Amino acid sequence: MIVWINGTHGAGKTTTSALVQELIPDSRVFDAEKVGETLMDITPGLPATDNFQHWPPWRQLVVDTARRVLDYTGGTLVVPMTVLVEQYWREISTGLAGHAIAVRHFVLHADRDTLRARIAGQHPVPSPFRLRHLEPYAEAARTWLHAEPRSSTPRT
């Protein structure tokens, strides 16, 4: 099973995932951002983008990596990862379901002022990347993110 903790930057995903991991026996935290960092290290680089999630291999590799880790270890993966593009979430969740992996999807929410304060407090200079995601998060929250079913159990 996967416990996916979604929400924008500054919502508390990393902190929450560590706490959730402590509560679920035989669970591990899988930071899917590391998959993106690996893709960013390819030289010469992949096509230019402002977000590695736009690369189709990232979404496919997240599914493949999660599946292979679960095949190897069993248990539960806790994934703290922002996914604000509905199509990308559908690709990932459908890919996991295709491997008979149940997903419990949770969204951490904080208001815009709280998020701005948290982002400003994380670094000496607030991250422009993180601040740019406040509006896309608000749009996703208004349109699909909070309406997304909280769990999916694949049909076998």
Side-chain angles (χ1 to χ4, degrees), residues 1-24 27-42 45-66 69-70 76-97 101-154:
M1 175 184 15
I2 290 178
V3 175
W4 195 288
I5 302 174
N6 205 342
T8 197
H9 307 285
K13 295 179 305 298
T14 300
T15 299
T16 301
S17 66
L19 295 170
V20 168
Q21 190 268 330
E22 291 177 9
L23 296 172
I24 301 174
S27 65
R28 291 165 176 77
V29 174
F30 167 43
D31 185 351
E33 190 166 326
K34 302 296 183 192
V35 174
E37 290 172 5
T38 297
L39 291 173
M40 289 173 18
D41 285 343
I42 293 174
L46 299 177
T49 182
D50 65 341
N51 185 337
F52 56 71
Q53 289 188 14
H54 297 319
W55 292 323
W58 177 80
R59 301 183 299 276
Q60 297 160 357
L61 287 168
V62 167
V63 170
D64 290 343
T65 303
V69 169
L70 287 171
T76 299
L77 287 183
V78 180
V79 183
M81 187 69 210
T82 300
V83 179
L84 301 179
V85 177
E86 184 176 11
Q87 173 191 337
Y88 298 172
W89 175 249
R90 298 276 173 247
E91 288 178 42
I92 292 167
S93 60
T94 300
L96 294 167
I101 299 170
V103 177
R104 305 295 185 256
H105 182 231
F106 298 91
V107 178
L108 296 184
H109 177 76
D111 63 70
R112 185 182 299 261
D113 291 339
T114 300
L115 291 168
R116 283 187 183 282
R118 288 180 183 173
I119 292 168
Q122 291 173 343
H123 303 284
V125 176
S127 165
F129 177 85
R130 290 171 179 235
L131 290 170
R132 277 196 313 270
H133 282 82
L134 293 178
E135 185 51 40
Y137 167 74
E139 178 64 19
R142 276 191 301 273
T143 58
W144 71 274
L145 189 60
H146 292 284
E148 177 66 20
R150 297 297 177 236
S151 64
S152 64
T153 303

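None of these values were measured; they are calculated from a predicted model.
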Quiz item: Do you know which two heavy atoms are closest between N6 and V83, and how far apart they sit?
Solution: OD1-N, 2.9 Å
Self-check item: Atom of P80, atom of V29 and distance for their closest heavy-atom approach
Solution: CD-CG1, 3.9 Å
Exercise. Specify the closest pair of heavy atoms between I2 and A66, including all atoms of both residues, with the distance to one decimal.
Key: CD1-CB, 3.9 Å
Exercise. Drop me the distance from L46's CG to M40's CE, to the nearest 0.5 angstrom.
Key: 10.5 Å
Quiz item: Taking all atoms of both residues into account, what is the closest heavy-atom pair of D111 and T114, and its distance?
Solution: OD1-N, 2.8 Å
Self-check item: The single option from D31, V3, V78 passing side chain to side chain contact (heavy atoms under 4.5 Å, CB included) against S17
Solution: V78
Quiz item: Looking at F30, W89, F106, which one forms a ring pair (Phe, Tyr, Trp, His ring centres under 6.0 Å) with W4?
Solution: W89
Quiz prompt | L108 and its side chain to side chain contact (heavy atoms under 4.5 Å, CB included) partner, picked from T82, T16, T15 | solution = T16
Quiz item: Minimum heavy-atom separation for H146 to A141, with atom names?
Solution: CD2-CB, 3.2 Å
Self-check item: Check: W55 side chain, G36 main-chain N or O, donor-acceptor pair, under 3.5 Å
Solution: no
Quiz item: Distance from T8 atom OG1 to L84 atom CG, nearest 0.5 Å?
Solution: 5.5 Å
Practice problem: Could you check if a side-chain atom of L39 sits within less than 4.5 angstrom of a side-chain atom of L61, using non-hydrogen atoms only? | Solution: yes
Quiz item: Can you find a heavy atom in the side chain of E135 that is under 4.5 Å from one in the side chain of R112?
Solution: yes
Self-check item: Residue that, paired with Q53, satisfies side chain to side chain contact (heavy atoms under 4.5 Å, CB included) out of T49, N51, D50
Solution: N51
Practice problem: Rounded to the nearest 0.5 Å, what's the gap from NE2 on H9 to OG1 on T14? Could you check? | Solution: 10.5 Å
Quiz item: So which heavy atom on Y88 is nearest to which on H54, and how close?
Solution: OH-ND1, 2.8 Å
Practice problem: Applying side-chain contact (heavy atoms from CB on, under 4.5 Å), run through L23 and L19 and close with a yes or a no. | Solution: CA-CA 7 Å; L23 296 172; L19 295 170; 5.6 Å; no
Practice problem: Please work out whether the ring planes of F52 and W58 are parallel, tilted or perpendicular, with thresholds of 30° and 60°. | Solution: tilted
Exercise. Working to the nearest 0.5 Å, report the span between CD of Q60 and OG1 of T65.
Key: 11.0 Å
Quiz item: Quick check, are the ring centers of Y137 and H109 under 6.0 angstrom apart?
Solution: yes
Quiz item: Under a 4.5 Å cut-off applied to non-hydrogen side-chain atoms, are R28 and Q21 in contact?
Solution: no
Exercise. Start with the C-alpha gap between H105 and L145, add the side-chain angles, then the distance that decides, and say whether side-chain contact (heavy atoms from CB on, under 4.5 Å) holds.
Key: CA-CA 10 Å; H105 182 231; L145 189 60; 4.0 Å; yes
Exercise. Please confirm whether the backbone N or O of T76 pairs with a side-chain atom of S27, one donor and one acceptor, at under 3.5 Å?
Key: no
